[in-house]
Enquirer: 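Structure provided below as structure tokens; questions to follow.
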There are 2 protein chains.
Amino acid sequence: MSQRRVGIRATIHDVAAQAGVSKSLVSLVLRDQPYVSAEKREAVLRAVDELSYRPNSVARSLASRHTHTIGVLVLDLHNPVFVEILDGLHSGADDPHLTTLLVSAGGDSERERRLVLSLLDLQVDGLVLVGHRLTTETVTQVMAEKPVVVVTRRDVRRRGLDTVCNDDRAGAGLAVAHLVELGHRNIWHLDGGRSAVAQDRRLGYQDAMQTHGLGAHTTVVGAGFSDDAGWQAAGAVLDAGERPTALFVANDFSALGAVARLEQAGVRVPADISVVGYDGMALAAMRRIDLTTVAQPLHAMGLLAARMLSARIQDPTRRARNTVLRPALIARSSSAGPPATADARSRER
Amino acid sequence: MSQRRVGIRATIHDVAAQAGVSKSLVSLVLRDQPYVSAEKREAVLRAVDELSYRPNSVARSLASRHTHTIGVLVLDLHNPVFVEILDGLHSGADDPHLTTLLVSAGGDSERERRLVLSLLDLQVDGLVLVGHRLTTETVTQVMAEKPVVVVTRRDVRRRGLDTVCNDDRAGAGLAVAHLVELGHRNIWHLDGGRSAVAQDRRLGYQDAMQTHGLGAHTTVVGAGFSDDAGWQAAGAVLDAGERPTALFVANDFSALGAVARLEQAGVRVPADISVVGYDGMALAAMRRIDLTTVAQPLHAMGLLAARMLSARIQDPTRRARNTVLRPALIARSSSAGPPATADARSRER
DNA sequence: CTGCAGTGTTGGAGCGTTCCATGACACGCG
DNA sequence: CGCGTGTCATGGAACGCTCCAACACTGCAG
């Protein structure tokens, strides 16, 4: 009979005593090993049930040297884009015995560093960084210890680092192509700032404009990735002498801010100015919003990251892959043909 | 000198060897204990630095019997309301050595159960449930093992369970009072369904209507908590023979759906119909949306939950508290006085 | 009858910490 | 001088598991 006190979890010893076998045998049964007689197996399982025993995974991890746990750092949970990537991640980590530990510092680099290190101290088997603001030094340090997959950012490219991201340049091209197809020529870009992602989208825009023979119309207005940034930048557009007939904005949030500013000034979207965002967050599909956007395959990105990580955990010598997925344009009601007059006007030049 | 292989983390033994002391002494230094000579302390710290040693928290947890880690279950990361509660939680868990482990199953009861149990197996020191779909049985089981604080839901009331929520009935009252003050009389409610929260908001609405002498106008339309539910319900409102001048909707998402439906039908918000939501999610403040809403003190709720949990961890015998916080109405541009005609019409009766 | 392969079970040595009991040493006091 | 007290350092027993070596037993081939 077990001698455990109430309120204290049963241990493998308690189970062994209850079942009248050795703790080694209990361990064998629990880990589903062969060479255990049916009777003893049953006795053990009965004891497990009676004591409602659940193995202490801390002890298990210490002994077995792996935790069946992966750590996930998320840049910002307020941005639904990351949450959608997370969904994909979970469906990719299909092993039911795998726990994923989520951690977020809202973009604070130093806090992110601390969190990732404590994930490492918890002996996670691997890490997924869904956007991050870590220094390359920290990333290198982390990589030296455990497999790492980076999602979203393409800027950290080093040997042994798996990455998953979308092709921002091509995506920007899709946005421009969509607007050109609708008849727009005077298309401006509200950009995202200094980050690598923002830069790619900006370059993609500039390239595409050139390709479509609209180099002369190429205009970049400094903005950012927030609602507010889009609002401000749209204000600057309104104040400009000349007006575009369409705006390609750095991301969906920013695009929403821009639309709000335009509408507040009595400029109708899309009747007067079309707006295209980037990211394809689910929110953009809400009826009240209904924003045309370049959608990243968020779910697929998360799923792929999970698969790459588990492959890497299984085989640490595996060659690193940098996977770039293709985004897709989703046309909604924030984009339409240019107003006749504006169209005519822009053709005059 | 240490003999550790490359790529393998240094252990306390390596540090001890490097510093020429016993592992016990290293442990003392690391845990900042007194009665260690300055020289040895320094030697240990130097060795720690040279080997870039970080304690294995798995081993530490096993030996010390606590992990300085709290588990957090979140109902749905897609709902910014929960994310904002999480922010509060983090600022309440100020101890920098405390790690919070986040876990979410998107409302799948069975997956939630598994996740919470594995959090327990990881020996977290306590748990916060930010909305959940666990059975009362599971909650009881979890409570038996570790301190638990439940945020948002008030339906699970049992001895020893700390809870934090807002006063949904009073909040509904605020919404009605706001609309009445603006001159509305014919105020309808799009409800949230069967959940306890939805029920409270519905009852609060009904009570308030009665109190304001508008019992005759009391009308509840079945909806839900999603964008789509609001859209559908608003459709039903439009199809009704009579029309309200204001809508109090179960939550912000649903309210957004309702606004979209109304606008699509050419009904202006707030000129023709005012709309008030519930929750106070940051998104509702976005310029494009600008929804009048009953704001829960989300940050405070999270903060309080963290504080209650750490108090509970420190003193497990502490009496459980059920804290109910007061929501506040935030008036934005989705509510205004009723249209003159509608106002007059409703006064005729 | 011996030996060996396969099957079933066990004790005990880790895993990397914490923490307790113990001891060594120095100092001051009666 | 002996003794208590405070300071500093250490070995070793946990913590709850995994995993290996060893052993016992059975059955069968040689």
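The shown structure was predicted, so the numbers you read here are calculated from the model rather than taken from an experiment. In what follows, every chain begins at residue 1, and chains take the letters A, B, ... in the order their sequences are listed.
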Enquirer: When you measure from the side-chain N and O atoms of B/Tyr35 to the phosphate of C/dC25, is any distance below 4.0 Å, counting only OP1 and OP2?
Expert: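 For B/Tyr35, the contact criterion (side-chain N or O under 4.0 Å from OP1 or OP2 of C/dC25) is not met.
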Enquirer: Does the distance from a Lys or Arg side-chain N to an Asp or Glu carboxylate O, for B/Arg9 and B/Asp14, drop under 4.0 Å?
Expert: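 So B/Arg9 does not pair with B/Asp14 through a salt bridge.
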Enquirer: Taking only the side-chain heavy atoms of A/Lys23 (C-beta and beyond), determine which of D/dA9, C/dG11, D/dC15 contains the nearest atom.
Expert: C/dG11
Enquirer: Rounded to whole angstrom units, what separation is found between the CD1 atom of A/Ile12 and the C1' atom of C/dG11?
Expert: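 The distance from CD1 of A/Ile12 to C1' of C/dG11 comes to 13 Å, rounded to the nearest Å.
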Enquirer: With respect to the side chain of A/Ala63, which nucleotide from D/dC17, C/dT9, C/dT17 is positioned closest?
Expert: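 Between D/dC17, C/dT9, C/dT17, the one nearest the side chain of A/Ala63 would be D/dC17.
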Enquirer: Measuring to OP1 and OP2 of D/dT18, would you say a side-chain N or O of A/Ser64 lies under 4.0 angstrom away?
Expert: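 So the side-chain polar atoms of A/Ser64 never come under 4.0 Å of the phosphate oxygens OP1 or OP2 of D/dT18.
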Enquirer: What integer distance in Å separates B/Arg65:CZ from C/dT17:P?
Expert: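 It is 17 Å, rounded to the nearest whole Å.
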Enquirer: Counting only side-chain heavy atoms from C-beta out, which of C/dC19, C/dT9, D/dG16 sits nearest to A/Thr11?
Expert: D/dG16
Enquirer: Nearest to the side chain of A/Val21, which nucleotide is it out of C/dT18, C/dT10, D/dA9?
Expert: C/dT10
Enquirer: Please determine if a side-chain N or O atom of A/Ser27 lies less than 4.0 Å away from the OP1 or OP2 oxygen of D/dT18.
Expert: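 Indeed, a polar side-chain atom of A/Ser27 lies that close.
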Enquirer: When we call it a touch if two heavy atoms are under 4.0 Å apart, what does B/Pro55 touch: a base, just sugar-phosphate, or nothing?
Expert: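 Result for B/Pro55 = sugar-phosphate.
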Enquirer: Between the side chain of A/Asn166 and the main-chain N/O of A/Leu325, is any donor-acceptor distance below 3.5 Å?
Expert: no
Enquirer: Are B/Arg31 and C/dC19 close enough that a side-chain N or O sits under 4.0 Å from OP1 or OP2?
Expert: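 B/Arg31 to C/dC19 OP1/OP2: side-chain N or O found under 4.0 Å.
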Enquirer: Does A/Ser24 get its side chain close enough to the base of C/dG11, under 3.5 Å, for a donor-acceptor pair?
Expert: yes
Enquirer: Salt bridge or not for B/Arg133 and B/Asp108, using N-O below 4.0 Å?
Expert: no
Enquirer: Between A/Thr69 and A/Val124 (side chain of the first, backbone of the second, donor and acceptor by atom type, cut-off under 3.5 Å), is there such a pair?
Expert: no
Enquirer: Grab the CG-C1' distance between A/Leu122 and C/dG16 for me, whole Å please.
Expert: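 After rounding, the gap between these two atoms is 14 Å.
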Enquirer: Would a 4.5 Å heavy-atom cut-off, applied to side chains only, mark A/Cys165 and A/Val324 as touching?
Expert: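 Answer yes - side chains close enough.
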Enquirer: Atom NE2 of A/His66 and atom C1' of D/dT18: how far apart are they, to the nearest Å?
Expert: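 One finds 10 Å between C1' of D/dT18 and NE2 of A/His66, rounded.
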Enquirer: Within less than 4.0 Å of OP1 or OP2 of C/dG16, is there a side-chain N or O belonging to B/Arg60?
Expert: no
Enquirer: Between D/dT18 atom P and B/Leu62 atom CG, what is the distance in whole Å?
Expert: 12 Å
Enquirer: Let me know the distance between CZ of B/Arg54 and C1' of C/dG16, rounded to the nearest Å.
Expert: 15 Å
Enquirer: Side chain of A/Lys40: nearest nucleotide among C/dT9, D/dC19, C/dT17?
Expert: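 Among C/dT9, D/dC19, C/dT17, the one nearest the side chain of A/Lys40 is C/dT9.
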Enquirer: To the nearest Å, how far apart are B/Gln33 CD and D/dC8 P?
Expert: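 Rounding to the nearest Å, CD of B/Gln33 and P of D/dC8 are 13 Å apart.
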Enquirer: Is any side-chain N or O of A/Ser37 closer than 4.0 Å to OP1 or OP2 of C/dT9?
Expert: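 For C/dT9, OP1 or OP2 has a side-chain N or O of A/Ser37 closer than 4.0 Å.
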